[in-house]
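Input: a single structure, listed below in structure tokens.
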Amino acid sequence: MASPTSEPTAVPGSAALPDAAVVADACLIASHRLSEWVSNAPTMEEDVALGNIALDLLGQARGLLSHLGDEDRLAYFRDAAEFRNPTICELPNGDFGHTVLRSWFIDAWLERVWCAWLDAGDEVVRGVAEKAIKENAYHRRHSSSWVIRLGDGTDESHRRMVDALDALWPYVGEIAVAGWIDTVEPVLAEAALPVPELPADGREVGSLGRHTEYLGALLAESQSLARQFPGATW
């Protein structure tokens, strides 16, 4: 797994609240990763749940991207270096435990963002947050319940969740806004998973357009039809 370029930072757990471009890209990329589970989830019920969460995230991305410009151009005709999402959103799905843990970390971050944006002076941004905060509450319940169930489950599921935590934790510095760790810590503890020290680096990697090798592959797939037939309608 490639590590993103990082720079020294100051105090762990004090990442700044993101701007609309960062959150729009985060929702778009996270939505695409979850959509990859459709028809591949462990159960039919989970297939539907992950698909619905992916659609919610896509709707949130569209609400922000259309506010920032032409949503189709922003989604389909930018290269990886122009995206601003935190790198944790673009990492491959791994196994199911890996996916739900990543989703839990992102859901806890978005909860902080949507709550803060309820007071935004921008009416459109505030409107997106008002709708998204209700959807995010469901997403959080879903992801956290799986994290606890698998982390505190069998020896095998616990081992896999520990592996997922080891793989994902180096990337959380980008989303560890104030209060994020206070949300995440109790769930990790209930899941019998260790709570590592927050990483002190890599915090602004994605927002600066520095990404892992995985984003390019993701975009090559998600943008292929629009780039092959620009302006096509059906």
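The figures here come from the full heavy-atom set of this structure, side chains too, leaving out hydrogens, waters and symmetry mates.
- In the hydrophobic cluster analysis, where Ile, Leu, Val, Met, Phe, Trp and Tyr join through side-chain heavy atoms closer than 4.5 angstrom, L55 is grouped apart from V38.
- The pair D163-R159 meets the salt-bridge criterion, since a charged nitrogen lies less than 4.0 angstrom from a carboxylate oxygen.
- By the 4.5 Å heavy-atom criterion applied to side chains, N85 and L215 are counted as neighbours.
- Using a 4.5 Å heavy-atom threshold, the side chains of L219 and Y76 count as separate.
- Put simply, CG on L57 and OG on S103 are 8.0 Å apart, with the number rounded to the nearest 0.5 Å.
- One hydrophobic cluster holds both L168 and V147 under the rule that ILVMFWY side chains link at heavy-atom gaps under 4.5 Å.
- Evaluation of the side chain to side chain contact (heavy atoms under 4.5 Å, CB included) rule for E45 yields T43 as partners, not counting sequence neighbours.
- To the nearest 0.5 Å, the span separating CG on D107 from CZ on R102 amounts to 11.0 Å.
- H158 places a side-chain N or O within donor-acceptor distance of the main-chain N or O of G151, the cut-off being under 3.5 Å.
- Inter-residue side-chain proximity for L50 and H142 is flagged as met; some heavy-atom pair is nearer than 4.5 Å.
- Minimum heavy-atom separation, A80 to H211: O-CD2, 3.2 Å.
- Taking each heavy atom of F77 and P230 in turn, the nearest pair found is CZ-CB, 4.2 Å.
- In this structure, A120 and V125 approach most closely via the heavy-atom pair CB-CG1, 4.1 Å.
- In this view, D25 and R78 satisfy the salt bridge (charged side-chain N to carboxylate O under 4.0 Å, His left out) rule, not counting sequence neighbours.
- Hydrophobic clustering (ILVMFWY, side-chain heavy atoms < 4.5 Å, transitive): L218 and I88 are in distinct clusters.
- Annotation: side chain of T183 is in contact with side chain of R140 (closest heavy-atom distance under 4.5 Å).
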Practice task
Take E174 and S207, measure what side chain to side chain donor-acceptor pair (under 3.5 Å) needs, and give me the verdict at the end.
Solution key: CA-CA 8 Å; E174 294 174 70; S207 66; over 6 Å; no
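- Side-chain atoms of D19 come within 3.5 Å of backbone N or O of A21 as a donor-acceptor pair.
- At least one side-chain heavy atom of W169 sits less than 4.5 Å from a side-chain heavy atom of P199.
- Legend: residues meeting salt bridge (charged side-chain N to carboxylate O under 4.0 Å, His left out) with E82, ordered by chain and number and at least two apart, are absent.
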Exercise for the section: Run the numbers on R33 and E36 for salt bridge (Lys or Arg N to Asp or Glu O under 4.0 Å), then give the verdict. Expected result: CA-CA 5 Å; R33 280 298 186 217; E36 293 174 343; 3.0 Å; yes
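- The two residues D47 and N40 make their nearest non-hydrogen contact at OD2-N, 3.4 Å.
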Exercise for the section: Carefully, step by step, assess L64 and V22 under the rule side chain to side chain contact (heavy atoms under 4.5 Å, CB included). Expected result: CA-CA 10 Å; L64 294 173; V22 172; over 6 Å; no
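- Contacts of R84 classified as salt bridge (charged side-chain N to carboxylate O under 4.0 Å, His left out), with partners at least two apart in sequence or in another chain: none.
- Between N93 and H98, the closest side-chain pair of non-hydrogen atoms is not below 4.5 Å.
- With a 4.5 Å cut-off on side-chain heavy atoms, W117 and V113 count as touching.
- Across all their heavy atoms, L28 and A61 have their closest contact at N-CB, 3.6 Å.
- A donor-acceptor pair under 3.5 Å is formed between the side chain of Q223 and the backbone N or O of A75.
- In the hydrophobic clustering of this structure, W104 does not group with I29; members are Ile, Leu, Val, Met, Phe, Trp, Tyr whose side-chain heavy atoms approach within less than 4.5 Å, directly or through other members.
- No hydrogens or angles considered: nothing links the side chains of H67 and E123 as a donor-acceptor pair under 3.5 Å.
- Separation of atoms CG (L150) and CZ (R160) is listed at 9.5 Å; rounding is to 0.5 Å.
- The distance from the CD atom of E46 to the CH2 atom of W146 is 5.5 Å, given to the nearest 0.5 Å.
- Applying the ring pair (Phe, Tyr, Trp, His ring centres under 6.0 Å) test to F83 and every residue at least two apart in sequence or in another chain returns nothing.
- L110 and V172 end up in the same hydrophobic cluster when Ile, Leu, Val, Met, Phe, Trp and Tyr side chains are linked at under 4.5 Å.
- Atom CD1 of I133 is separated from atom CD of E135 by 11.0 Å, given to the nearest 0.5 angstrom.
- Nearest heavy atoms, V124 versus G63: CG1-O, 4.3 Å.
- A search for salt bridge (charged side-chain N to carboxylate O under 4.0 Å, His left out) contacts involving R112 returns nothing, not counting sequence neighbours.
- A 4.5 Å side-chain heavy-atom check between W109 and V184 finds every atom pair outside the cut-off.
- For the atom pair S143 OG and Y138 OH, the distance stands at 10.0 Å (nearest 0.5 Å).
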